[in-house]
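In what follows, a structure is listed as structure tokens, so that the remarks can point back to it.
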Amino acid sequence: MNTSIRRFIPCLIVLTFRLAAFGQKENNQIYGFRDTPMLPGGRWHVHDPDRPQPAVITPGASFSQKAPPPSDAEILFSGADLSKWQSSQGGDAAWKVQDGYMEVTRGGGIRTRGKWADFQLHVEWTAPVPATGSGQGRGNSGILINGMYEVQVLDSYQAKTYPDGQAGAIYGQSPPLVNASKPPGEWQTYDIIFESPRWGEKGALVKKACATVLHNGVVVQNHYEFLGCTDGISSMVPWKSLSKYPAPHSPEVFIELQEHNANPVHYRNIWIRQIGEASQP
């Protein structure tokens with residue numbers, strides 16, 4: 001064998017190994033963006049793939065699955081029909097209802113006919129089986145409050161995406177404190193305590209919207225104050241843009257379940273309680 005060829009072979013082997021390693025890194029790369037605006041604090045971009053992934057924990061076997069509604073709650077979905085819901089464009093909700101759950105179908109989200117100011121919301125959901133897709137294409141939906149403030153629904157079980165877009169995140173703003181996801185096909189719970197924003201008489205924001213979220217019984221958002229509207233769910237804040245508050249709106253808001261590329265997420269046992277002031281003696 002030619003001496004120059006012999007010298008070239010080790011270099012070729014090293015180059016091949018390095019290319020293979022580079023390809024593996026690319027295949028495992030977390031979906032996200034590094035050219036978006038910086039969030040307050042100046043450390044992370046909106047939807048930053050380099051932001052630390054929340055620690056993964058195993059939630060308890062059950063917490064509030066099939067939790068009966070309290071006596072003062074309004075039942076939004078018991079498994080029978082969608083009479084308390086309408087399409088996001090108006091008109092009757094057309095999602096499929098069977099076997100005690102509703103299934104997201106193509107054609108847009110659905111929203112409640114009623115509105116509430118400060119509330120406690122219970123929602124149960126499960127990601128599609130078999131699990132398909134990756135990142136934001138894996139069991140994607142969301143709890144959209146007034147079409148402005150989103151708690152993300154996503155299959156985040158052994159699956160990574162940008163942290164401010166995984167299950168339990170305040171989308172585009174705050175990753176969950178931990179990843180408490182269950183496997184696809186297992187029912188998961190959100191217990192959300194939401195307080196609407198308030199504006200003064202002259203239109204100045206005097207109280208930010210805030211939310212506490214329990215995912216499968218684990219606190220993943222602790223009285224988080226929204227930076228403003230969620231990006232990408234309305235024309236007010238385009239996708240990948242920095243959040244901001246809209247013009248003043250009523251504290252009474254609707255609840256919307258998002259349809260995202262017809263990901264067939266299931267929902268069941270949804271109820272809500274208005275949070276009032278403490279009883280006076």
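Along the sequence shown, residues carry numbers from 1. It should be emphasised that the depicted structure is a prediction, and the values quoted were computed from it without experimental measurement.
- The closest side-chain heavy-atom distance from H47 to D231 is below 4.5 Å.
- Side chain of D118 to main chain of G276: no donor-acceptor pair is present (N/O by atom type, distance under 3.5 Å, no hydrogens or angles).
- Of the possible donor and acceptor atoms, none in the side chain of E256 sits under 3.5 Å from a partner among the backbone N and O of G109.
- Taking CD1 from I233 and CD from E150, the interatomic distance works out to 5.0 Å, rounded to the nearest 0.5 Å.
- Residues W271 and Q120 are in side-chain contact: their nearest non-hydrogen atoms beyond the backbone lie under 4.5 Å apart.
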Quiz: residues 76-83 side-chain donor-acceptor pairs under 3.5 angstrom, not counting sequence neighbours:
unit_1 : atom_1 : unit_2 : atom_2 : d
D81    : OD1    : S83    : N      : 3.0
D81    : OD1    : S83    : OG     : 2.7

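- Remark: aromatic rings of H122 and Y190 are distant, center separation not under 6.0 Å.
- Pairs engaging residues 95-104 under the salt bridge (Lys or Arg N to Asp or Glu O under 4.0 Å) rule: K96-E103 [sequence neighbours left out].
- Heavy-atom contacts from other residues, nucleotides or ligands closer than 6.0 Å to NZ of K244 number 12 or fewer.
- In the hydrophobic clustering of this structure, W125 does not group with I193; members are Ile, Leu, Val, Met, Phe, Trp, Tyr whose side-chain heavy atoms approach within less than 4.5 Å, directly or through other members.
- Taking all atoms of both residues into account, the shortest heavy-atom contact from S235 to P238 is O-CD, 4.4 Å.
- Looking only at distances, no side-chain donor or acceptor of S156 sits under 3.5 Å from a matching main-chain atom of A159.
- Judged by distance alone, the side chain of T36 and the main-chain N or O of K240 form no donor-acceptor pair under 3.5 Å.
- With hydrogens and angles disregarded, a donor-acceptor distance shorter than 3.5 Å links the side chain of S243 to the backbone of C229.
- Taking both residues in full, the closest heavy atoms of P251 and S196 are given as O-OG, 2.7 Å, listed atom of the first, atom of the second, then distance.
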Trace of the side chain to side chain contact (heavy atoms under 4.5 Å, CB included) decision for I170 with D164
CA-CA 7 Å; I170 303 299; D164 66 19; over 6 Å; no
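- Atoms CD1 and CZ, on I255 and R113 in that order, are 15.5 Å from each other to the nearest 0.5 Å.
- With Y162 as the fixed residue, the side chain to side chain donor-acceptor pair (under 3.5 Å) test singles out one of Y31, Y171, W44: Y171.
- Counting all heavy atoms, side chain and backbone alike, V104 lies closest to E259 at CG1-CG, 3.6 Å.
- Hydrophobic clustering, with ILVMFWY side chains joined whenever heavy atoms are under 4.5 angstrom apart, keeps I30 apart from W239.
- Using a 4.5 Å heavy-atom threshold, the side chains of D92 and S87 count as separate.
- Here the CZ-CE distance, from R43 to M38, works out to 9.5 Å after rounding to the nearest 0.5 Å.
- N216 places a side-chain N or O within donor-acceptor distance of the main-chain N or O of A180, the cut-off being under 3.5 Å.
- For the pair N179 (side chain) and S181 (backbone), a donor-acceptor distance under 3.5 Å is present.
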Start with the C-alpha gap between V253 and F119, add the side-chain angles, then the distance that decides, and say whether side chain to side chain contact (heavy atoms under 4.5 Å, CB included) holds.
CA-CA 10 Å; V253 294; F119 57 78; 3.9 Å; yes
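- Counting non-hydrogen atoms of neighbouring residues, nucleotides and ligands closer than 6.0 angstrom, the CZ atom of R34 exceeds 12 such neighbours.
- Taking 4.5 Å as the limit, some side-chain heavy atom of H223 sits within range of a side-chain heavy atom of E195.
- For Q89, the CD atom counts as densely surrounded, since its 6.0 Å shell holds more than 12 non-hydrogen atoms of other residues, nucleotides or ligands.
- Applying the ring-ring contact (aromatic ring centres under 6.0 Å, His included) definition to pairs two or more places apart or across chains, those involving residues 84-105 are Y101-H266.
- D48 places none of its side-chain heavy atoms less than 4.5 Å from the side chain of L39.
- Across all their heavy atoms, P163 and A169 have their closest contact at O-CB, 3.9 Å.
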Could you go through residues 55-68 and list every donor-acceptor pair under 3.5 Å that involves a side-chain atom there, pairing it with any protein atom two or more places apart or in another chain?
unit_1 : atom_1 : unit_2 : atom_2 : d
S64    : OG     : T189   : OG1    : 3.3
S64    : OG     : D191   : OD2    : 2.8
Q65    : OE1    : F63    : N      : 2.8
Q65    : NE2    : W187   : O      : 3.2

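- Contact detail for Q166 and L154: the closest heavy-atom pair is CA-CD2, 3.9 Å.
- Of the inter-residue distances, the one linking I192 atom CD1 with L214 atom CG reads 10.0 Å to the nearest 0.5 angstrom.
- Judged by distance alone, with hydrogens and angles left aside, the side-chain atoms of Q274 form no donor-acceptor pair with the main-chain N or O of A73 at under 3.5 Å.
- Counting heavy atoms from C-beta on, the side chains of M102 and I270 come closer than 4.5 Å.
- Across P40 and L242, no two heavy atoms sit closer than the pair CD-CD1, 4.3 Å.
- Under a hydrophobic-cluster definition in which Ile, Leu, Val, Met, Phe, Trp and Tyr are linked whenever side-chain heavy atoms come within less than 4.5 Å, directly or via other members, V153 and V219 are assigned to different clusters.
- For H45, there are no ring-ring contact (aromatic ring centres under 6.0 Å, His included) partners at least two apart in sequence or on another chain.
- Grouping the Ile, Leu, Val, Met, Phe, Trp and Tyr side chains by contacts below 4.5 angstrom, directly or via other members, places I75 apart from L121.
- Within a 6.0 Å radius of CZ in R106, no more than 12 heavy atoms belonging to other residues, nucleotides or ligands are found.
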Show which side-chain atoms of residues 136-145 pair as donor or acceptor with protein atoms under 3.5 Å away, not counting sequence neighbours.
unit_1 : atom_1 : unit_2 : atom_2 : d
Q136   : OE1    : N140   : ND2    : 3.4
Q136   : OE1    : Q152   : NE2    : 3.0
Q136   : NE2    : T161   : OG1    : 3.0
Q136   : NE2    : G165   : O      : 3.1
R138   : NE     : D155   : OD2    : 3.0
R138   : NH1    : G133   : O      : 3.3
N140   : ND2    : Q136   : O      : 2.9
S141   : OG     : Q258   : O      : 2.6
S141   : OG     : Y267   : OH     : 2.7

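- Between Y149 and F226, the angle of the ring planes goes over 60°, which puts this pair in the perpendicular group of the 30/60° scheme.
- When side chains are defined from C-beta on, S174 counts as touching Q221, because their heavy atoms get closer than 4.5 Å.
- Under 3.5 Å, the side chains of Y157 and E186 contain no donor-acceptor pair of N or O atoms.
- Between P197 and H249 there is a side-chain heavy-atom pair separated by less than 4.5 Å.
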